[in-house]
Amino acid sequence: MSKINLIVGFVVVSALGFLFHFAYDFIGLSGLKVVFPQNESIFEHLKTFIFPALIYMIIDIIVTKERYNIFSSYISGIIVASIFMIAGYFTYSGIIGMNIDWVNILIFFICVAIIFYYRYKKITLFEGSNSVIAFIVYLVIIEVFTFYPTDINLFKELPTQCLIGFSLNLPH
């Protein structure tokens, strides 16, 4: 992957992630919650980079015609980025006791960067058919918890708070 392709991919996935964040509210079709975040929970925000990265992965594979470890590196990057988003959010918000929008946005950009770092270096957690199995299992987990979230903070919609700590509770 060339550095230009890396930068273009980062920008495209980031822009799509921004659009995905608001798409469910704008379109309003309940069937779209399988792809677009339906609320402000951390779990739903995973969809802001998972599905845009998968779209870009398909384009990348078609355009570059590279085959060696591309799928595996994207899937590995998406899984590591998902872990980073969850751990990063709960670590910082647990330490300071609040949710800060600009930090959440920074975490999102770091997640997208993780995906493309794995793609650029062709780092894989899974080889061959194992990456396909990991991909299918991961998507099944995402979709099951989309429709059947449990009662833990990962799935709870969180209020938007400013740095000084008051809740805005703005409609979105």
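Small disclaimer: the values here were computed from a predicted structure and weren't measured.
- With rounding to the nearest 0.5 angstrom, the CG atom of N5 is 10.5 Å from the CD1 atom of I59.
- Of the possible donor and acceptor atoms, none in the side chain of E44 sits under 3.5 Å from a partner among the backbone N and O of T146.
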Steps toward side-chain contact (heavy atoms from CB on, under 4.5 Å) verdict (F49, S14) | CA-CA 7 Å; F49 63 81; S14 296; over 6 Å; no

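- Between K47 and F20 the shortest side-chain heavy-atom distance does not fall below 4.5 Å.
- Distance check: S93 OG to I107 CD1 gives 8.0 Å after rounding to the nearest 0.5 Å.
- Atom-to-atom distance recorded for F116:CZ and K3:NZ is 16.0 Å, nearest 0.5 angstrom.
- Contact check for S131 versus Y74: no side-chain heavy atoms found under the 4.5 Å cut-off.
- Remark: I152 CD1 is packed, more than 12 non-hydrogen atoms of other residues, nucleotides or ligands lying under 6.0 Å away.
- With S73 contributing its side chain and K122 its backbone, the two residues share no donor-acceptor pair below 3.5 Å.
- Rounded to the nearest 0.5 angstrom, S76 OG and I123 CD1 are separated by 8.5 Å.
- Of all non-hydrogen atoms in L16 and P52, the two that sit nearest each other are CB-CB, 3.6 Å.
- Inter-residue side-chain proximity for L54 and I78 is flagged as met; some heavy-atom pair is nearer than 4.5 Å.
- Across every non-hydrogen atom of M85 and C111, the tightest pair is CB-SG, 3.5 Å.
- Taking 4.5 Å as the limit, some side-chain heavy atom of R119 sits within range of a side-chain heavy atom of I70.
- Atom CD1 of I79 is separated from atom CD1 of I114 by 13.0 Å, given to the nearest 0.5 angstrom.
- Counting heavy atoms from C-beta on, the side chains of F51 and Y56 never come closer than 4.5 Å.
- Closest approach of F43 to I142, counting heavy atoms only: CZ-O, 3.2 Å.
- Of the possible polar contacts, none joining the E40 side chain to the E157 backbone as a donor-acceptor pair under 3.5 Å is found.
- Across all their heavy atoms, T48 and H45 have their closest contact at OG1-O, 2.5 Å.
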Take F155 and F145 through the test ring-ring contact (aromatic ring centres under 6.0 Å, His included) and record every step on the way to the result.
-> CA-CA 8 Å; F155 302 104; F145 283 119; 5.1 Å; yes

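- Side-chain contact check for D151 versus K156: some heavy-atom pair is nearer than 4.5 Å.
- Nearest heavy atom pair, residue Y138 against residue I50, reads OH-CD1, 3.4 Å.
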Is there a ring-ring contact (aromatic ring centres under 6.0 Å, His included) between F18 and F108 once you walk through the steps?
-> CA-CA 10 Å; F18 176 78; F108 165 76; 9.1 Å; no

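- Although no hydrogens or angles enter the test, the distance criterion places a donor-acceptor pair under 3.5 Å between the side chain of Y92 and the main chain of I100.
- Separation of the F126 and F135 ring centroids does not fall under the 6.0 Å cut-off.
- A donor-acceptor pair under 3.5 Å is absent between the side-chain atoms of T91 and the main chain of G88, judged by distance alone.
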Take I75 and Y118 through the test side-chain contact (heavy atoms from CB on, under 4.5 Å) and record every step on the way to the result.
-> CA-CA 9 Å; I75 299 309; Y118 271 67; over 6 Å; no

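- Residues F109 and F10 meet the side-chain proximity criterion, which asks for heavy atoms closer than 4.5 Å.
- Under the 4.5 Å side-chain criterion, counting only non-hydrogen atoms from C-beta, N99 is in contact with Y89.
- Taking each heavy atom of A81 and I115 in turn, the nearest pair found is CB-CG1, 3.9 Å.
- Rounded to the nearest 0.5 Å, atoms CG (N153) and CD1 (I42) are 9.5 Å apart.
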